[in-house]
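A short write-up of the structure that comes next.
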Amino acid sequence: MSFTTTRIALSSILHKEVNRFMRIWVQTLVPPAITISLYFVIFGSLIGKRIGEMGGFDYMSFIVPGLIMMSVITNSYSNVASSFFSAKWQRNVEEMLVAPVPNWVIVAGYVGGGMARGILVGLIVTIVALFFVDIQIHNIWVIIATVMLTSAVFALGGLINAVFAGSFDDISIIPTFVLTPLTYLGGVFYSISLLPEFWQGVSKINPIVYMVNAFRYGFLGISDVSLAVAFSVIGVFIVTLFAIAMYLISRGIGLRS
Amino acid sequence: MQAALEISGLKKTYKGGFQALKGIDLQVTQGDFFALLGPNGAGKSTTIGVITSLVNKTEGKVCVFGHDIDSELDKAKSFLGLVPQEFNFNQFEAPMKILVNQAGYYGVDRKVAKQRAEKYLKQLDLWDKHDQPSRNLSGGMKRRLMIARALMHEPKVLILDEPTAGVDIELRRHMWDYLRELNSQGITIILTTHYLEEAEMLCRNIAIIDKGTIVENTDMKTLLSQLHIETFVLDLKPGAAQPQLQDVDHRLLDDHTLEVDIAKSQSVNAVFTQLTEQGIEVQSMRNKANRLEELFVTLVANNDKGAQ
Ligand SMILES: Nc1ncnc2c1ncn2[C@@H]1O[C@H](COP(=O)(O)OP(=O)(O)OP(=O)(O)O)[C@@H](O)[C@H]1O
Ligand SMILES: [Mg+2]
């Protein structure tokens, strides 16, 4: 395929993906805004006042980056998981399979769509957060890089999940049993330095810890882990998940009989 | 001339061990209107699935305009347009979006794609639905939407898997005209159908497939000439005498229904002359069954015997 053909194919998938979540914005864009407001009311205003400071900042400011990241993660993941699974389910994935679309374009298109939703929701949540707290920015580039890379990781995860899913239930298992616990234990609500030594070690197996901390560094300039390590961890995840996704799509797992 | 489609030794065994194709050989020439006929489960959709790379083949070779799907899949794909048996578009998307995106997958520029989509939606009488969710379309409209979608990248070969299933007679005739028109523009058309009349009306060449093997592959004329005998059903005026017919195979179904087998070499006149002589009046007459249908049954029955 020529460059132009590939570019048009990729932008068609992106176009379709963005169009999908915009069309159902009540289901895709509104709930994160509501959820986040609840978190702010409960943890920030009510309980946060009693907690006092965390990492040298008031509790509300401390949790904002984590909450934004949490919605980016969930939305990137579930966008690709449900969109790709539904394309399998309705069989419109065949529209791409019969056409000369390179496999990497299919992966990139869906992942790009998931990132777009994750980042857009991240923005919405940030705007909502501004009603509750002043947001300071320590390093905008770290913020942008972290949000892009993290949403790519989870969009890839959602794609892999959808490839293996045989029913709509199968795309909610991982978010419920893996993503949610990892996010809650990923340092969104506390600094892992508060944990006993042993549990700090355990926490460091959790990739979300690195993402949340890198992101928080971008806002507040504090982090429980070094940025270099954080970006390396995220990088390794992207490369590995991309390789898995490419393998699955090119082998036609769950797509071709 | 380069064949539009060339299949040799094609075998497919599905996971679980079911062998759906047992070694298929087919050749479709450029510009042909080709029918693939067979009963339910014969392997038509499987064959089409392999050609369009939705089904992985187990063995054999498929070339589209000389491009082997094993080594030049993208090239082969760009020649093909597929109208599948089952609806496989996103029901929540509008026809216009479906068409423009489909063209995009083949690298057709968005602006060009929009013009083309409008052209095909108008030709196929879907324009007034172009921005409605496609689940609101009727069954016949959904079929036509899939035809439009298959044409968006201007393929050289159009493959239709039972395009007129669930389509009423009038619409079916429109669709036939449309397909003939496309064929006259030089597009090679391959279709599968259960409506045997459809193959007779449209196609120049035909292959009959049964239980994963090709039992007949010839041109329509030759196939039809294999029909030696035609059966007619005559409704006789009640109360007449028992008919006595010489040199014609016949059966009396009840006291006023007569079935006669007329060979190609005979004429229907002979029957009427004899009946008139006996004072028997014929009220009406009809063909017993579609001739192709009979032939089809014979071929499939022979295939069964061969398999035993
Ligand atoms: N994914 C699959 N896994 C296992 N067996 C399959 C699969 N798809 C089709 N088959 C079997 O292969 C055989 C051929 O099916 P195919 O769909 O090709 O038939 P067909 O000629 O298109 O029939 P119809 O006219 O009913 O559409 C059938 O026995 C079918 O059950
Ligand atoms: Mg079929």
Side-chain angles (χ1 to χ4, degrees), chain A residues 1-28 82-110 112-113 166 248-257, chain B residues 12-16 18 20 45-46 48-57 67 72-94 97-113 133-135 146 149-150 152-153 155 159:
Chain A
M1 272 191 127
S2 74
F3 175 75
T4 323
T5 329
T6 310
R7 182 183 56 78
I8 294 175
L10 179 60
S11 78
S12 296
I13 301 178
L14 282 171
H15 205 272
K16 173 175 73 89
E17 282 303 290
V18 171
N19 193 61
R20 190 194 77 98
F21 71 70
M22 294 303 270
R23 188 177 55 225
I24 49 173
W25 60 278
V26 179
Q27 294 166 51
T28 53
S82 35
S83 175
F84 197 77
F85 180 72
S86 132
K88 255 173 54 166
W89 176 259
Q90 297 196 62
R91 298 179 57 173
N92 56 300
V93 69
E94 293 177 359
E95 293 174 341
M96 283 178 289
L97 298 180
V98 299
V101 183
N103 295 317
W104 73 265
V105 170
I106 298 182
V107 173
Y110 274 85
L248 294 171
I249 301 289
S250 55
R251 290 292 307 273
I253 309 282
L255 299 175
R256 295 190 177 89
S257 38
Chain B
K12 171 64 186 176
T13 306
Y14 279 109
K15 263 191 228 96
F18 181 80
S45 298
T46 302
I48 287 175
V50 171
I51 301 167
T52 54
S53 78
L54 294 174
V55 173
N56 293 323
K57 63 187 163 59
H67 303 288
E72 295 175 286
L73 183 58
D74 283 354
K75 259 267 161 52
K77 278 175 170 177
S78 63
F79 283 95
L80 299 171
L82 171 67
V83 181
Q85 182 171 7
E86 317 274 354
F87 300 132
N88 72 340
F89 46 82
N90 186 341
Q91 307 262 341
F92 301 101
E93 257 175 76
K97 290 233 158 70
I98 292 175
L99 297 190
V100 172
N101 277 328
Q102 184 67 33
Y105 300 155
Y106 292 87
V108 179
D109 180 73
R110 250 189 136 66
K111 226 166 103 195
V112 178
S134 50
R135 64 165 181 279
M146 295 205 298
R149 188 184 60 182
M152 283 301 291
H153 63 291
I159 302 181

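Computed from a predicted model, the values in this text were never measured in an experiment. Naming convention: chains lettered A, B, ... in sequence-line order (proteins, then strands); numbering from 1 in each chain.
- Only the side chain of E86(B) comes within contact range of chain A, with at least one heavy atom under 4.5 Å from a heavy atom of that chain.
- Closest approach of T5(A) to G107(B), counting heavy atoms only: CG2-CA, 3.4 Å.
- Proximity to chain A (any heavy atom under 4.5 Å) is restricted, for F87(B), to the backbone atoms N, CA, C and O.
- In terms of heavy-atom pairs under 4.5 angstrom with chain B, the leader among R91(A), E95(A), H15(A) is E95(A).
- Contacts of Y14(B) with chain A are made by side-chain atoms alone, with heavy-atom separations under 4.5 Å and no backbone atom involved.
- Across all their heavy atoms, S78(B) and P100(A) have their closest contact at CB-CG, 4.4 Å.
- The main-chain N or O of Q90(A) is never found under 3.5 Å from a side-chain atom of Q91(B) such that the two would form a donor-acceptor pair.
- Contact between R256(A) and S53(B) at its shortest, heavy atoms only, is NE-O, 2.8 Å.
- Highest contact tally toward chain B, considering only L255(A), V98(A), I13(A), is held by V98(A) [criterion: heavy-atom pairs under 4.5 Å].
- Applying the salt bridge (Lys or Arg N to Asp or Glu O under 4.0 Å) rule to R20(A) yields no partners; only residues at least two apart in sequence or on another chain are considered.
- Shown here is R251(A), whose CZ atom has no more than 12 heavy atoms of other residues, nucleotides or ligands within 6.0 Å.
- Listed options L54(B), N56(B), V55(B) were ranked by heavy-atom pairs under 4.5 angstrom with chain A; first place goes to L54(B).
- When atom types are taken as modelled, the side chain of K77(B) and the backbone of L97(A) share a donor-acceptor pair closer than 3.5 angstrom.
- The two residues A99(A) and Q102(B) have their closest heavy-atom pair at CB-NE2, 4.5 Å.
- Of the atoms belonging to S257(A), heavy atoms from both backbone and side chain fall under 4.5 Å from chain B.
- Every residue was checked against the ring-ring contact (aromatic ring centres under 6.0 Å, His included) condition with F21(A), not counting sequence neighbours, and none meets it.
- Heavy atoms of I98(B) lying under 4.5 Å from chain A belong exclusively to its side chain.
- Atom-to-atom distance recorded for D109(B):CG and T4(A):OG1 is 9.5 Å, nearest 0.5 angstrom.
- Within 6.0 Å of atom NZ in K75(B), 12 or fewer heavy atoms from other residues, nucleotides or ligands are found, so the atom counts as exposed in its surroundings.
- To the nearest 0.5 Å, atom OH of residue Y105(B) and atom CD1 of residue I106(A) are 9.0 Å apart.
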